[in-house]
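Note sheet for the following structure.
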Amino acid sequence: MKILLLGSGGREHALAWKISKSSQLEELYIAPGNAGTKLHGTNVSITVNDFEAIKEFVLEKEIDMVVVGPEDPLVNGIVDFFLADENLKNIPVIGPDKHAAQLEGSKDFAKEFMNRHNIPTAKYATFTKETLTEGLAFLEKMKAPFVLKADGLAAGKGVLILETLAEAKKELTNMLANDKFGKSSAKVVIEEFLSGIEMSVFVLVDGDGFKVFPEAKDYKRIGEGDTGLNTGGMGAVSPVPFAASGFMDKVYNQVVVPTVKGLKADNMNYKGFVFIGLISVKGEPYVIEYNCRLGDPETEVVLPRLKSDILDLFEGVATQTLSERDLEIDERAAATVMMVSGGYPENYEKGKTVYGLHRVEGSIVFHAGTTADGPAVTTSGGRVLAVTSYGKNIETALKLSYENIEKIEFEKAYYRSDIGFDLV
Ligand code: AMP
Ligand code: GLY
């Protein structure tokens with residue numbers, strides 16, 4: 001198969017690495033890719049939302065399948081774009097169509113879906129500019145902390161958790177009346193606060209059958225001990241020790257199966273990954289959010305634990321025969337630690353030369369924000385490299401990642417030294 005993979009982060013390097021191991025692969029192109037994806041295929045300088053340029057490339061290279069890494073092109077309708085085009089409509093795109101991608105693109109849409117299909121989630125209500133007064137009154141009836149969510153995509157910044165009623169009222173007003181997140185906060189979901197440990201489950205669906213990939217936990221805050229600003233993710237582990245079989249059975253029966261059935265009952269065109277963000281409240285799973293793609297950096301631990309040929313699974317999605325395919329999981333644990341640019345997630349510098357990559361032994365380095373200038377690798381983003389290792393448990397996997405991360409250098413590099421601290 002000739003594959004075009006869209007995206008340029010650590011998730012896409014992990015996808016490229018895994019796709020490159022497939023016996024069915026003929027040619028792999030990555031648009032736009034990074035210095036790491038180049039090791040497994042050909043980078044093409046097309047951006048993920050330039051559908052016309054993607055079309056031209058797909059037809060020119062006779063691409064057999066498009067794999068979409070990030071949510072943006074899905075929420076913007078790349079699947080619909082392909083289906084509406086005579087020359088593209090038979091080329092499968094791994095991902096949901098624009099309507100189904102609203103599971104990630106609109107918090108209100110996702111909450112309605114969960115309620116309709118009896119999927120456990122926090123109680124909520126949705127408000128607009130016109131119902132701001134009712135929203136403020138609703139807050140008065142809730143207990144602190146207050147959870148406010150901008151309905152639309154807001155680059156991971158749209159969820160506010162506020163300690164006092166006064167702050168919550170001020171922020172609700174800012175979001176609805178003063179367009180704090182632009183169009184994304186034209187609607188705001190106010191939610192009951194849930195207290196517990198979070199983890200994520202990834203399900204590949206073909207509209208009928210499904211496969212559950214290994215679960216993972218990511219570490220979102222910049223500082224040690226889960227403190228400071230939110231980031232795209234500073235590290236991840238898989239499996240998640242607290243998610244023992246009893247809990248995972250509940251996740252399967254109360255969340256995964258109703259979600260897959262719900263997609264079908266609602267006639268959604270969903271052929272791709274469903275990322276289910278969960279919280280365990282006293283051993284009971286609740287859905288915090290859905291995403292319409294794999295997670296980053298979760299993919300950097302989930303795909304290394306997948307033994308099966310990923311193109312065989314994707315072909316199963318495209319032909320709606322996923323149930324007939326095998327999903328084999330590596331018994332070993334995997335952990336990844338993210339090296340980031342100093343200053344991230346606020347202002348940081350780019351263009352720093354990365355040294356020492358050749359000294360890494362026994363870990364896999366997935367590139368997240370790099371470019372290759374000739375033989376040199378330079379930084380081009382906040383999150384730069386994800387250092388993934390296997391181990392008999394997450395402690396040993398983490399130990400190896402930390403040994404190797406010490407060998408890599410770039411100016412002002414930073415990483416958290418306590419990934420997995422709450423689990424080991
Ligand atoms: P989301 O974008 O919906 O995943 O929310 C971002 C983060 O906010 C989540 O990963 C949680 O840590 C936190 N969060 C969201 N909803 C709730 C809730 N109802 N209760 C407690 N924390 C929440
Ligand atoms: N690591 C969280 C995400 O990919 O959204």
Side-chain angles (χ1 to χ4, degrees), residues 7 9-12 14-15 68-72 74-75 101 103-111 113-114 120-126 142-163 168 181 184-185 188-202 213 215-222 226-238 240 273-282 284-303 336-338 340 345 366 368 382-383 386 416 419 422:
R11 167 182 50 215
E12 287 74 25
L15 277 162
V68 184
E71 65 278 16
D72 240 36
L74 296 167
V75 174
L103 272 191
E104 172 161 3
S106 163
K107 302 275 187 204
D108 182 53
F109 181 94
K111 295 296 280 192
F113 176 85
M114 288 182 250
T121 188
K123 292 192 195 71
Y124 82 107
T126 303
M142 309 264 303
K143 279 189 280 190
F146 302 90
V147 183
L148 306 185
K149 298 185 172 184
D151 179 58
L153 295 181
K157 299 194 172 75
V159 176
L160 303 179
I161 298 184
L162 304 153
E163 295 303 327
F181 298 106
S184 291
S185 61
V188 173
V189 170
I190 302 180
E191 229 176 65
E192 167 199 20
F193 180 84
L194 298 176
S195 179
I197 323 189
E198 288 178 54
M199 59 166 293
S200 303
V201 171
F202 304 90
F213 279 50
E215 78 281 4
K217 180 178 196 302
D218 80 335
Y219 291 81
K220 290 201 177 76
R221 302 295 194 93
I222 188 71
D226 287 342
T227 55
L229 294 174
N230 256 323
T231 70
M234 297 296 291
V237 300
S238 175
V240 182
F273 286 102
V274 188
F275 165 149
I276 310 177
L278 293 165
I279 189 161
S280 165
V281 182
K282 300 193 182 99
E284 295 301 321
Y286 287 80
V287 177
I288 290 273
E289 64 166 345
Y290 287 114
N291 292 310
C292 61
R293 50 166 174 90
L294 284 170
D296 195 350
E298 292 93 329
T299 306
E300 290 94 304
V301 293
V302 170
L303 292 188
T336 197
V337 180
M338 213 28 113
V340 305
F366 291 120
R383 292 191 294 169
R416 267 181 67 171
I419 298 305
D422 53 337

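Order of appearance sets the numbers: ligands from 1, and atoms from 1 within every ligand.
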Could you measure the distance from the CD1 atom of I276 to the OG atom of S200? Nearest 0.5 Å is fine. 9.5 Å
Looking only at protein heavy atoms, which one is nearest to atom 6 (C) of ligand 1, and how far off is it? V159 CG2, 3.9 Å
Counting from 1, what ligand 1 atoms have a heavy atom of K220 closer than 4.0 Å? 10 (O)
Look at E104 together with R293 and state whether they make a salt bridge at an N to O cut-off of under 4.0 Å. yes
Among all the protein's non-hydrogen atoms, which is closest to atom 17 (C) of ligand 1, and how far away is it? I288 CD1, 3.7 Å
For atom 2 (O) of ligand 1, the protein heavy atom that lies nearest, with its residue and separation: K107 NZ, 3.1 Å
Under 6.0 Å from the ring centre and within 45 degrees of the ring axis: does the NZ or CZ of K217 meet both conditions for the six-membered ring of Y219? yes
Quick test: of every protein heavy atom, which one is nearest to atom 2 (C) of ligand 2, and how far off is it to 0.1 Å? D218 OD2, 3.4 Å
Which option, E191, K149, E104, owns the non-hydrogen atom nearest atom 15 (C) of ligand 1? K149
For E298, the ligand 2 atoms whose distance to one of its heavy atoms is below 4.0 Å: 1 (N), 2 (C), 4 (O)
Taking a cutoff of less than 4.0 Å between a non-hydrogen atom of the residue and any ligand atom, is R11 in contact with ligand 2? no
Closest to atom 11 (C) of ligand 1 (judged by heavy-atom distance), picking from R221, E289, E192, E198: E198
How about F273 and F202: are their ring centroids closer than 6.0 Å? no
Test side chain to side chain contact (heavy atoms under 4.5 Å, CB included) on V201 and M199 and set out the steps. CA-CA 7 Å; V201 171; M199 59 166 293; 3.9 Å; yes
Of all the heavy atoms in G295, does at least one lie under 4.0 Å from an atom in ligand 2? yes
Quick one: are C292 and L103 in side-chain contact, heavy atoms under 4.5 Å? no
Min N/O separation L194 to ligand 1 under 3.5 Å: yes
Under 3.5 Å side-chain donor-acceptor pair for T121 and K111: yes
What do you reckon, does G232 put a non-hydrogen atom under 4.0 Å from ligand 2? yes
Do F146 and E191 have side-chain heavy atoms sitting under 4.5 Å apart? no
Decide whether an N or O pair under 3.5 Å exists between K220 and ligand 2. no
Salt bridge flag under 4.0 Å for residues D151 and K149: no
Does even one non-hydrogen atom of I161 get within less than 4.0 Å of ligand 1? yes
Nearest protein heavy atom to atom 5 (O) of ligand 2, by residue and atom, and its distance? R293 NH2, 2.9 Å
Under 4.0 Å between a Lys/Arg side-chain N and an Asp/Glu carboxylate O for K143 and E192? no
